[in-house]
A.B. asks: 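Sharing a structure, written as structure tokens. Questions coming.
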Amino acid sequence: MAKRGVLTPQHEDFPRWYQDILNKAELADNGPVRGTMVIRPYGYALWERMQAEVDQRIKAAGADNAYFPLFIPESYLNRESDHVEGFSPELAVVTQGGGRELAEPVVVRPTSETIINAYFSKWVQSHRDLPLLINQWANVVRWEMRPRIFLRTTEFLWQEGHTAHATRQEARDYAAQILHDVYQDFMESVLAIPVLIGYKTEAERFPGAINSMCLEGMMRDGKALQMGTSHELGQSFAAMFDITYLDPEGNQAQVWQTSWGVSSRMVGGLIMAHGDDHGLVVPPRLAPVQAVVIAVRDADGVVDACHRLADALAADGIRARVDDRMGTGFGRRATDWELKGVPVRVEIGPRDLEQDQATLVSRIGEDKQIASLSEAPKSVGSLLDVIQQRIFNDAAAWRETHTAEVATIAEVMEAAATGFARIPWGKLGPEGEAVLAEDAVTVRCLQRADGSLPESGDELDLVAVCGRSY
RNA sequence: CGGGCUGUGGCGCAGUUUGGUCAGCGCACCUGCUUUGGGAGCAGGGGGUCGCCGGUUCAAAUCCGGCCAGCCCGACCA
């Protein structure tokens, strides 16, 4: 394992550890404008993998991709009162263009409900046009007070889904379908992060929504990270943007809507949910590089053997790369890949080659194992499966041991110092929520006692999961 | 925007109390040789108007004033 000093240990200074990882794993740099970030190739590769997996699930849920403009007329934002109140403090506004003052300022999109719904209004005329299911991949800008790379940046990357339905129930069901089939499935089966699902309290709700569902993950410091949201927008945007249609009986009706998104924040979640003192830990199903084949020494045939093995791995569908930087010592190269969290390292040196074998090393295991060169692709494949499962299990166990069932506000505060607290919502309520907020503890979500998603946030006997958050 | 801390080569820091002999260290980088099975060694080398502006002084990284930026803790949030 790497020598001490490569990274600040997590227990010593978690934020510093996070900064160290961003640098040492070559994920991102700060941009020149406060709050902006430069996403470096390896960090972007992680994001591209997330995009690919999420995009595939969104399409399976029936939504189509489209693209709407970056610039939105300021007046659009003003149409929905809760929406504008929620977003106006963090808007970036352009007042000049082509060297002249603009007649109407344009805002750089903080989210696209307004501009997309302005077009939904044109596109929806008949009940036959419903449901209308649109997604867009884009960058958005929110002038945040306290930026932090990947977690909360002035400009970030995301996907935002926007849909229109004939009935409230259909909209609600679709928002829940996205939550489960797209987000939860991706986060748990690919990112290997167990997520809590539930409803936001009224205090935490998205501006303009009638209900916000969310997915919350626990990081290695016990804090919560909101990994995604899916909102029921009700009919307020439909009213403001006049999205109406003729129903089968020939009556004018307004649509019911949803919006939902996940962002480049998930990269931060990935780092903080699995990373350890040796670096990033990337679950195999996400990993841009699942296996790196390292030529240990520059001896006869070693480098060639590495390339042949990498080709064989690729032929088995494994994302593999060769490290044959022979001018750099083995230890340095091994540490580099460890920092980047590559799940499996395959080492081939002269000693291995003599035995017609390769040495396999898991990022999260202690023991090295030997595989014959011909069997190596199969061995690596099954090792990747084992690693994927173990990363998820470890994260689930971590959350389990850092979650307490409590009955009083004092106990919530105590438990939130190190993790989550579950308390009956009936015992907390909006008043208790306000008390917790004074000490930066928030209700992350309201869910049923068994952890499942309620029909609404008003269902009886819900449990409030509380914690500190990013 | 409130509270705390900090600004010195790419990164991390020492030097500031007591102004001068102060542009220094580690890592990184470049060249050469030896190395390569867990961040290699030796030798040589390049790079900083000490955050910015102004003031005090014979003399400022160091003292004074103003400004700016960053980090951490809050309010906000994907």
Side-chain angles (χ1 to χ4, degrees), chain A residues 1-8 13-16 18-20 22-24 29-30 32-35 50 85-91 110-111 138-161 183 200 203-207 212 214-217 224-231 259-269 278-279 294-299 302-303 323-339 345 347-354 358-359 361 368 370 434 437-442 468-470:
Chain A
M1 290 288 153
K3 279 184 190 169
R4 286 179 52 208
V6 176
L7 297 174
T8 304
D13 185 344
F14 196 85
R16 183 73 169 266
Y18 183 79
Q19 285 295 126
D20 286 351
L22 296 177
N23 291 325
K24 302 279 183 172
D29 273 334
N30 280 310
V33 173
R34 176 185 155 76
M50 293 181 186
E85 270 177 40
F87 280 106
S88 56
E90 48 189 274
L91 292 181
T111 180
N139 55 341
V140 288
V141 168
R142 299 178 188 180
W143 220 264
E144 297 289 355
M145 295 304 180
R146 256 186 68 203
R148 195 163 181 203
I149 288 184
F150 289 125
L151 300 175
R152 189 176 42 249
T153 46
T154 298
E155 177 189 6
F156 58 93
L157 308 180
W158 77 346
Q159 67 58 223
E160 48 180 324
Y183 297 159
K200 283 296 183 191
E204 300 276 326
R205 198 173 286 162
F206 176 78
S212 287
C214 63
L215 307 99
E216 300 277 332
L225 184 71
Q226 181 171 322
M227 308 268 301
T229 48
S230 187
H231 312 289
S259 74
W260 26 276
V262 293
S263 73
S264 43
R265 169 181 276 186
M266 289 193 297
V267 179
H278 301 295
I294 303 188
V296 176
R297 299 175 59 122
D298 194 9
V302 167
V303 172
D323 184 347
D324 55 1
R325 295 174 293 166
M326 302 318 297
T328 304
F330 172 79
R332 161 56 79 94
R333 291 182 288 140
T335 307
D336 278 353
W337 294 110
E338 193 168 83
L339 282 164
R345 222 165 53 233
E347 305 172 355
I348 300 181
R351 296 209 294 266
D352 295 302
L353 212 50
E354 272 174 30
T359 303
V361 190
K368 299 189 173 188
I370 304 297
E438 290 172 16
D439 288 296
V441 174
T442 49
R468 293 171 190 281
S469 75
Y470 277 93

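Chain letters run A, B, ... following the sequence lines, proteins first and then strands; every chain starts at 1.
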A.B. asks: I'd like the C1' distance from B/rU31 over to B/rG46, given in whole Å.
C.D. replies: 11 Å

A.B. asks: Tell me every residue that passes ring-ring contact (aromatic ring centres under 6.0 Å, His included) with A/Tyr18, counting only those two or more places apart in sequence or in another chain.
C.D. replies: none

A.B. asks: Quick check: any donor-acceptor pair below 3.5 Å linking the side-chain of A/Arg142 to the base of B/rC76?
C.D. replies: no

A.B. asks: From A/Arg142 CZ over to A/Glu155 CD, what is the distance, rounded to the nearest 0.5 angstrom?
C.D. replies: 12.5 Å

A.B. asks: Counting only Watson-Crick or G-U wobble pairs whose two distances fall under 3.5 Å, which nucleotide matches B/rA69?
C.D. replies: B/rU6

A.B. asks: Any strand counts, and the cut-off is 3.5 Å on both contacts for Watson-Crick or G-U wobble. Which nucleotide pairs with B/rG26?
C.D. replies: B/rC11

A.B. asks: Identify, between A/Asn30 and A/Thr153, the residue whose nearest nucleotide on RNA chain B lies closer to the 5' end.
C.D. replies: A/Asn30

A.B. asks: Base, sugar-phosphate or nothing for A/Lys368? Non-hydrogen atoms, less than 4.0 Å.
C.D. replies: base

A.B. asks: Protein-nucleotides 7-14 of chain B N/O pairs closer than 3.5 Å?
C.D. replies:
residue : atom : partner : partner atom : Å
B/rG12  : O3'  : A/Arg16 : NH2          : 3.3

A.B. asks: Please name the nucleotide paired to B/rU49 by Watson-Crick or G-U wobble geometry with both distances under 3.5 Å, or report none.
C.D. replies: none

A.B. asks: For A/Arg333, enumerate each residue passing the salt bridge (Lys or Arg N to Asp or Glu O under 4.0 Å) test, keeping only those at least two apart in sequence or located in another chain.
C.D. replies: A/Asp323

A.B. asks: Which part of the nucleic acid, if any, lies within reach of A/Asp352 when heavy atoms closer than 4.0 Å are counted: base, sugar-phosphate only, or nothing?
C.D. replies: base

A.B. asks: Under 4.0 Å, heavy atoms only, any strand: does A/Thr111 hit a base, just the sugar-phosphate, or nothing?
C.D. replies: nothing

A.B. asks: For A/Asp324 and A/Ala295, indicate whether the former's side chain and the latter's backbone hold a donor-acceptor pair under 3.5 Å.
C.D. replies: no

A.B. asks: When rounded to the nearest Å, what value does the distance between P atoms of B/rA60 and B/rC52 take?
C.D. replies: 15 Å

A.B. asks: With rounding to whole Å, what would you report as the distance between B/rC11 and B/rG47 at their C1' atoms?
C.D. replies: 14 Å

A.B. asks: Both distances below 3.5 Å, Watson-Crick or wobble geometry, any strand: find the nucleotide opposite B/rG37.
C.D. replies: none

A.B. asks: Is there aromatic stacking of A/Phe156 on B/rA78 here, judged by a ring-centre distance under 5.5 Å and a plane angle under 30°?
C.D. replies: yes

A.B. asks: Please name the pair of heavy atoms, one in A/Trp143 and one in A/Val141, separated by the smallest distance, quoted to 0.1 Å.
C.D. replies: CE3-CG1, 4.1 Å

A.B. asks: I need the minimum non-hydrogen distance between A/Cys214 and A/Lys200, along with the two atoms involved.
C.D. replies: SG-CE, 3.7 Å

A.B. asks: Pick the P atom in B/rU62 and in B/rU57, then give their distance to the nearest Å.
C.D. replies: 16 Å

A.B. asks: For B/rU17, give the paired nucleotide (Watson-Crick: N1-N3 plus N6-O4 or O6-N4; G-U: N1-O2 and O6-N3; both under 3.5 Å), or none.
C.D. replies: none

A.B. asks: The side chain of A/Ser263 lies closest to which of these nucleotides: B/rA78, B/rG37, B/rC72?
C.D. replies: B/rA78

A.B. asks: Identify the heavy atoms of A/Glu347 and A/Val361 that sit nearest to each other, and give their distance.
C.D. replies: OE2-CG2, 3.6 Å

A.B. asks: Go ahead and name the base partner of B/rA75; Watson-Crick or wobble counts if both distances stay under 3.5 Å, otherwise write none.
C.D. replies: none

A.B. asks: Rounded to the nearest 0.5 Å, what's the gap from CD on A/Gln19 to CZ on A/Phe14? Could you check?
C.D. replies: 12.0 Å

A.B. asks: Classify A/Tyr183 by what it touches in the nucleic acid, base, sugar-phosphate, or nothing, heavy-atom distance under 4.0 Å.
C.D. replies: nothing

A.B. asks: What integer distance in Å separates A/Asp336:CG from B/rA40:P?
C.D. replies: 10 Å

A.B. asks: Identify all pairs in which a protein N or O lies below 3.5 Å from an N or O of nucleotides 1-6 of chain B, and state each distance.
C.D. replies:
none

A.B. asks: Starting from C1' on B/rC76, measure out to CG on A/Leu151 and report it in whole angstrom.
C.D. replies: 15 Å

A.B. asks: Taking the C1' atom of each, how far is B/rC27 from B/rG39, in whole Å?
C.D. replies: 11 Å

A.B. asks: Between P on B/rG74 and CD on A/Glu438, what's the gap in Å once rounded to a whole number?
C.D. replies: 14 Å

A.B. asks: Using atom C1' in both nucleotides, what's the gap between B/rU17 and B/rC30 to the nearest angstrom?
C.D. replies: 39 Å

A.B. asks: Could you state the atom-to-atom distance from CZ of A/Phe206 to P of B/rC77 in whole Å?
C.D. replies: 11 Å

A.B. asks: Given atom CG of A/Leu157 and atom C1' of B/rA78, what is their separation to the nearest angstrom?
C.D. replies: 11 Å

A.B. asks: Does some side-chain heavy atom of A/Asp336 sit less than 4.5 Å from a side-chain heavy atom of A/Arg325?
C.D. replies: yes

A.B. asks: In whole Å, what separates the C1' atom of B/rC73 from that of B/rC67?
C.D. replies: 24 Å

A.B. asks: Taking any heavy-atom pair under 4.0 Å as a contact, classify A/Glu160: base, sugar-phosphate, or nothing.
C.D. replies: nothing

A.B. asks: Please enumerate all protein N or O atoms sitting under 3.5 Å from an N or O of nucleotides 26-36 of chain B, with distances to 0.1 Å.
C.D. replies:
residue : atom : partner  : partner atom : Å
B/rU36  : OP2  : A/Arg297 : NH2          : 3.4
B/rU36  : O2'  : A/Val296 : O            : 2.9
B/rU36  : O2   : A/Met326 : O            : 3.4
B/rU36  : O2   : A/Thr328 : O            : 3.2
B/rU36  : N3   : A/Met326 : O            : 2.8

A.B. asks: Measure from the side-chain heavy atoms of A/Ala440 and tell me the nearest of B/rG74, B/rC77, B/rG39.
C.D. replies: B/rG74

A.B. asks: Let me know the distance between CG of A/Leu91 and C1' of B/rC77, rounded to the nearest Å.
C.D. replies: 13 Å

A.B. asks: Could you tell me the Watson-Crick or G-U partner of B/rG32, where both distances fall under 3.5 Å? Say none if there is no partner.
C.D. replies: B/rC42

A.B. asks: Expressed in angstrom and rounded to an integer, what is the separation of A/Gln19 atom CD from B/rC71 atom P?
C.D. replies: 7 Å

A.B. asks: Between A/Tyr470 and A/Gly35, which residue's closest nucleotide on RNA chain B lies nearer the 5′ terminus?
C.D. replies: A/Gly35

A.B. asks: Report the distance from atom CD1 of A/Ile370 to atom OG1 of A/Thr359, rounding to the nearest 0.5 Å.
C.D. replies: 3.5 Å

A.B. asks: Under the salt bridge (Lys or Arg N to Asp or Glu O under 4.0 Å) rule, collect the residues that match up with A/Glu160, sequence neighbours excluded.
C.D. replies: none

A.B. asks: Round to the nearest Å and state the distance from A/Asp20 atom CG to B/rG39 atom C1'.
C.D. replies: 15 Å

A.B. asks: Rounded to the nearest 0.5 Å, what separates atom CG in A/Leu353 from atom CD1 in A/Ile348?
C.D. replies: 7.0 Å

A.B. asks: Could you tell me which nucleotide pairs with B/rU56 by Watson-Crick or G-U wobble geometry, both distances under 3.5 Å, or answer none if nothing does?
C.D. replies: none

A.B. asks: What distance, rounded to whole Å, do you find between the two P atoms, one in B/rU8 and one in B/rC71?
C.D. replies: 14 Å

A.B. asks: How far apart are the closest heavy atoms of A/Tyr470 and A/Arg265, and which atoms are they?
C.D. replies: O-NH2, 4.4 Å

A.B. asks: Tell me what A/Ser264 touches on the nucleic acid: a base, only sugar-phosphate, or nothing, going by heavy atoms under 4.0 Å.
C.D. replies: nothing

A.B. asks: Which distance, rounded to the nearest 0.5 Å, do you find between the OG1 of A/Thr335 and the NZ of A/Lys24?
C.D. replies: 10.5 Å

A.B. asks: Choose from B/rA78, B/rG74, B/rG39 the nucleotide whose nearest atom is closest to any side-chain atom of A/Leu339.
C.D. replies: B/rG39

A.B. asks: How many angstroms lie between atom OG1 of A/Thr229 and atom CH2 of A/Trp260, to the nearest 0.5 angstrom?
C.D. replies: 11.0 Å

